[in-house]
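In what follows, a structure is listed as structure tokens, so that the remarks can point back to it.
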Number of protein chains: 2
Amino acid sequence: MDFVRKDVHNSELPVLCRSCESRHRGICGVLSPEQLVRLSRHSSRHGAGAGQELSGESLETKSYSNIISGVVKLSKMMADGRQQIVGLQFAPDFLGRPLRQENGVTAEAATDVELCSFPKAAMDRMIREMPELEHKLHEQTLNELDEARDWMLTLGRKTASEKVASFLLLIATHADPELETDCSDFDLPMSRGDIGDFLGLTIETVSRQMTKLRKEGIIIIDHNRHVVVPDLSRLADRAAI
Amino acid sequence: MDFVRKDVHNSELPVLCRSCESRHRGICGVLSPEQLVRLSRHSSRHGAGAGQELSGESLETKSYSNIISGVVKLSKMMADGRQQIVGLQFAPDFLGRPLRQENGVTAEAATDVELCSFPKAAMDRMIREMPELEHKLHEQTLNELDEARDWMLTLGRKTASEKVASFLLLIATHADPELETDCSDFDLPMSRGDIGDFLGLTIETVSRQMTKLRKEGIIIIDHNRHVVVPDLSRLADRAAI
DNA sequence: CGTCGCATTGAAGGTTGTCAATGAGAGTGG
DNA sequence: CCACTCTCATTGACAACCTTCAATGCGACG
């Protein structure tokens, strides 16, 4: 998969990077063409199936990744098995944590994902050399913090019905980031069980609230995973935004 | 309050900084003595009473602060008045958010607090000049993210009883950071109402769970605010850590 | 002593969780 | 092609937990 042109001119981008979102909105945006070439020499694209664990023993201990496509869920688990999803990451988010070890969080592919991974050591070195890179990581961390705090309000103070509506709205806005229309249409990146773990609810409650929203005409559900929202503002009302 | 020796030698620390925790564990730890002197020329110590709002219109728009003593609560509010506390900050945390505007979070003094404030502009300039400063801020942001995610697990998956125990444990560990003994003894930094807003519970539920813990001998309560924990491990069991 | 703010306690009701049964869809093998 | 199974989602009945509403208690302060 290490498909980078070897004869690339310094001022040219590696082929893989040209159409990559991370180059625009992600971490790689702060790298110069030469740096990109240098990093891409060690980087490799690869996929991971839904459900596959991305941190822990397997991947992340030795490498970091950009998410090229798909959704990654970050979760925490209690000793007795209770679980809470504490974050969702979408392309072009950076996966992994330089400078600091993970705090009991497990990363798992929620959908099939495509990753672009680089060895930990090379990345760590670049971060130490380039303050802009740390700045970019800091920005992502601030985003994650804002999202976590928004979700704390949802977890602590919203009803089950509002929680489910908030979740659907979150996915809708991430599916079409620059959405202008007031309708939306997307696939849920995870099962009812995962949604429950994200919202602090049981599967059954999630299911009941989804059917309630469906019967009220706020959403249309196809094949369990596909959702159509004819009027996003009505959904936003239910989310108590 | 601007009590800094004017004739200070470059290699000496400003008097105010000498005994300040921020110099050791906080933001100021990455500053050289000269930089400390430069910053301290514009900084001022001042207090704020419990309940006073620290961001919004008053303070933080024009300045950042280090918390010298006391506890600051960060909260989010919904349109209908429901409220969730999304973070607690203790000395020597940095208050304010360079590089990024706050995301609908209000900072309020939970207890009486003592702050050391600097003008936004001077701080922003130093951050741009000193990557170590941004690194330090990044570290604090990572800490806050870890805390937020820990709390998401508490909010989403713990019972009322476990929530209250978790809260008491949180305060106990922050009261004596380097605690070796298995007992602890502290003042709660906030009212039952605030605790409820932190835990996603009502005042009444908080109160009932506190009395339950009291009747079981896990905590002793004096004057509503003072708590003694004879055996922290028993409390930790209740927190389901 | 009366009032005010905060905390506790009690009773009743609602929301959500638990347990159990059923349904829907995908893949498998006869 | 049609059972068969497996997984995931839905639905129902009931119980538990937490909230709501209301009353009482307690300490501080005038």
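Lettering of chains follows the sequences in order, A, B, ..., and the numbering in each one begins at 1.
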The side chain of B:Arg214 is closest to which nucleotide in this list: C:dT9, C:dG17, D:dA9? C:dT9
Below 4.0 angstrom, which residues in residues 193-206 of chain B have at least one non-hydrogen atom near DNA chain D? B:Gly200, B:Leu201, B:Thr202, B:Glu204, B:Thr205
Length of the line joining B:Lys215:NZ and C:dA7:P, which is rounded to integer Å: 18 Å
Report the distance from atom NZ of B:Lys212 to atom P of C:dT9, rounded to the nearest whole Å. 14 Å
In residues 155-162 of chain B, which ones come under 4.0 Å of DNA chain D, going by heavy atoms? B:Thr159, B:Ala160
Spacing of A:Met210 atom CE relative to D:dA9 atom P, expressed in whole Å: 9 Å
Spell out, as yes or no, whether a donor-acceptor pair under 3.5 Å connects the side chain of A:Arg45 to the backbone of A:Glu114. no
What is the distance, rounded to the nearest whole Å, between atom CD1 of B:Ile221 and atom C1' of C:dT8? 10 Å
Could you tell me the separation between the CG atom of B:Asn224 and the P atom of D:dG25, rounded to a whole number of Å? 16 Å
Interatomic distance where CZ belongs to A:Arg208 and P belongs to D:dG12 [whole Å]: 9 Å
Can you tell me which residue among A:Arg18, A:Arg23, A:Arg25 is in a salt bridge (Lys or Arg N to Asp or Glu O under 4.0 Å) with A:Glu21? A:Arg25
Checking side-chain contact (heavy atoms from CB on, under 4.5 Å) against A:Gln89, which of A:Glu144, A:Lys73, A:Glu147 comes through? A:Glu144
Rounded off to whole Å, could you give me the CD-to-C1' distance for the A:Gln209 and C:dT16 pair? 9 Å
CD (B:Glu216) with more than 12 external heavy atoms under 6.0 Å: yes
Kindly indicate whether the side chain of B:Arg192 and the base of C:dG5 share any N or O donor-acceptor pair separated by less than 3.5 Å? no
For residues B:Asn143 and A:Arg100, is any side-chain donor paired with an opposing acceptor at under 3.5 Å? yes
Let me confirm one number: the OG-CG distance from B:Ser63 to B:Leu115, rounded to the nearest 0.5 Å. 8.5 Å
Phosphate contact (C:dT9 OP1 or OP2) by B:Ser207 side-chain N/O below 4.0 Å: no
Would you give the length of the straight line joining atom CD1 of B:Ile171 to atom CD1 of B:Ile195, rounded to the nearest 0.5 angstrom? 7.5 Å
Using a cut-off of 6.0 Å, state whether more than 12 heavy atoms not belonging to B:His223 lie near its atom NE2. no
If you take atom types as modelled and just measure distance, does the side chain of A:Arg225 reach the base of C:dG25 with a donor-acceptor pair under 3.5 Å? no
Taking atom CG of A:Asn66 and atom SG of A:Cys20, what is their separation to the nearest 0.5 Å? 6.0 Å
